[in-house]
Amino acid sequence: MEQPSRVGALLRQWRQRRRLSQLALANLAGTSARHLSYMENGRARPSRAMLLRLSAALDVPLRERNTLLLAADYAPAYQESSLDDRYMASIRAALETMLTAHEPYPAVVVDRLWNVLLGNRAMGVLMDGIPPHLLQPRPNVFRLALHPEGLAARLANLGEVRALFLERLSRQADATGDADLQALYEEVSAYPLPPDGDTPGDAASRHRPSPIQVPLRMRTPFGELAMFSTMATFGAPADVTLSELAIELFYPLDDFTADTLRSLHR
């Protein structure tokens, strides 16, 4: 009887996650559907080069590409570094330059689990009043935004933000197959709503139309601040850590928010 190998089972899981037939994946990777079938059921052992081609065709994250290689008894292809390593000094310097240049508007660098690795001084407007237990060992974007003791209590459109954040996290966990992301989703989706939490319809009815579907509307002592964010990543990363970094840059949605952030920065 044919027994699927571990690497074969992993390949099948990734192909099914991407909703590709064996023929479609074989065409993308430049092989035959028959050979791919043999690799998935354990009748053929994929070469290192073939595994890397299949991983690229399946858009497998670098961390999981290493897992595939190890499952086939090959050495990992991608190094995993710390931002504090000398090897990553130029990357850290670039990140710090970007964060500082973005002031007076908030900006953070996050890892694959949305833990905050670096932030600029303007993040103080979002972090002010956050209890210590949400900041240790590292602040997490989803915990900060959705925990009832975090930003959730100050968001004027919590219902909209919560729905968007949970949908985004669920989609990312499904696309990557990352068990840690799935655990994070299960944790934050179980957070209770604050007593005065808004529903998406309630929030939408109170705010004027915006080019951003779900802006971040936060109540502060200075008035309601409205912001949106963009995400930036590094092109063609060859390091696992670098491939998982993202820079989130916040921008004001109106003149009042822009003037307030500039005033606070001064």
Solution key, residues 164-172 side-chain donor-acceptor pairs under 3.5 Å, sequence neighbours excluded:
unit_1 : atom_1 : unit_2 : atom_2 : d
Glu167 : OE1    : Arg171 : NH1    : 2.6
Glu167 : OE2    : Arg171 : NH1    : 2.3
Gln172 : OE1    : Trp114 : NE1    : 2.8

Under 3.5 Å, side-chain donor or acceptor atoms of residues 88-101 against the rest of the protein: list the pairs with distances, not counting sequence neighbours.
unit_1 : atom_1 : unit_2 : atom_2 : d
Arg92  : NE     : Glu96  : OE2    : 3.1
Arg92  : NH1    : Asp84  : OD1    : 3.3
Thr97  : OG1    : Ala93  : O      : 2.9
Thr100 : OG1    : Glu96  : O      : 3.0

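By the 4.5 Å side-chain criterion applied to Ile, Leu, Val, Met, Phe, Trp and Tyr, Val60 is assigned to a cluster that also includes Val7, Leu10, Leu11, Trp14, Leu20, Leu25, Leu28, Leu36, Met39, Met50, Leu51, Leu52, Leu54, Leu58, Leu62, Leu68, Leu69, Tyr74, Tyr78, Val240.
Summarising the geometry of Leu158 relative to Ala145, their closest heavy-atom pair is CD1-O, 4.5 Å, with the distance given to 0.1 Å. Smallest separation of non-hydrogen atoms from Ala56 and Arg65: CA-NH2, 3.8 Å. Between Ala26 and Ala33, the shortest heavy-atom distance links the atoms CB-N, 3.5 Å. What you find for Pro148 and Ala153 is that their closest heavy atoms are O-CB, 3.6 Å. For the pair Thr176 and Glu64, the tightest heavy-atom approach, listed with the atom from each and the gap, is O-CG, 4.4 Å. Nearest heavy atoms, Ala44 versus Pro46: O-CD, 3.6 Å.
With a 4.5 Å cut-off on side-chain heavy atoms, Asp174 and Leu181 do not count as touching. Taking the side chain as every heavy atom from C-beta outward, Met127 and Leu135 approach each other to under 4.5 Å. No side-chain heavy atom of Val214 sits less than 4.5 Å from a side-chain heavy atom of Arg162. Taking 4.5 Å as the limit, some side-chain heavy atom of Leu83 sits within range of a side-chain heavy atom of Leu245. Within the 4.5 Å cutoff, the side chain of Val110 has no heavy atoms near those of the Leu117 side chain. Looking only at side-chain heavy atoms (C-beta outward), Met227 and Pro106 come within less than 4.5 Å of each other. Looking at Arg138 and Val116, their side chains never come closer than 4.5 Å, going by heavy atoms from C-beta outward. Between Thr241 and Ser82 the shortest side-chain heavy-atom distance does not fall below 4.5 Å.
The stretch residues 150-159 participates, sequence neighbours left out, in no salt bridge (Lys or Arg N to Asp or Glu O under 4.0 Å) pair at all.
In this structure, the separation between NE2 on His133 and CD on Gln136 is 11.0 Å, given to the nearest 0.5 Å. We find the CZ-OG distance between Arg86 and Ser81 to be 14.0 Å, quoted to the nearest 0.5 Å. To the nearest 0.5 angstrom, Leu155 atom CG is 9.5 Å from Glu224 atom CD. Interatomic distance, Met123 CE to Phe250 CZ, rounded to the nearest 0.5 Å: 5.5 Å. In this structure, Thr230 OG1 and Leu249 CG are separated by 4.5 Å, a value rounded to the nearest 0.5 Å. Remark: Asp239 CG to Glu80 CD distance equals 7.5 Å, nearest 0.5 Å.
Remark: Thr31 engages His35 in a side chain to side chain donor-acceptor pair (under 3.5 Å) (not counting sequence neighbours). Applying the side chain to side chain donor-acceptor pair (under 3.5 Å) criterion to Asp59, with sequence neighbours excluded, gives no partner residue. Scanning for side chain to side chain donor-acceptor pair (under 3.5 Å) contacts around Asp73 gives an empty result, with sequence neighbours left out. For Arg112, the side chain to side chain donor-acceptor pair (under 3.5 Å) partners are Asp178, Asp180, not counting sequence neighbours. Partners of Pro104 according to the side-chain contact (heavy atoms from CB on, under 4.5 Å) rule, which considers only residues two or more places apart in sequence or in another chain, are Arg262, His265. Considering only residues two or more places apart in sequence or on other chains, Phe228 meets the ring-ring contact (aromatic ring centres under 6.0 Å, His included) condition with Tyr251. With sequence neighbours left out, the side-chain contact (heavy atoms from CB on, under 4.5 Å) criterion links Glu187 to Arg143, Leu184, Tyr191. With sequence neighbours excluded, no residue forms a ring-ring contact (aromatic ring centres under 6.0 Å, His included) with Tyr185.
Partner of Thr257 under the side-chain hydrogen bond (donor to acceptor under 3.5 Å, both in side chains) criterion, out of Thr260, Asp254, Asp259: Asp254 alone.
Remark: side-chain polar atoms of Asn41 are paired, donor with acceptor, to backbone N or O of Ser37 under 3.5 angstrom. Using a distance-only test at 3.5 Å, with no hydrogens or angles considered, a donor-acceptor pair links the side chain of Glu103 to the main chain of Arg121. Between the side chain of Asn66 and the backbone N or O of Pro76 there is no donor-acceptor pair closer than 3.5 Å.
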Residue pair Leu216, Leu126: steps toward the side-chain contact (heavy atoms from CB on, under 4.5 Å) verdict: CA-CA 11 Å; Leu216 194 69; Leu126 296 176; 4.2 Å; yes
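Between Arg15 and Glu40 a salt bridge is recorded (basic side-chain N to carboxylate O distance below 4.0 Å).
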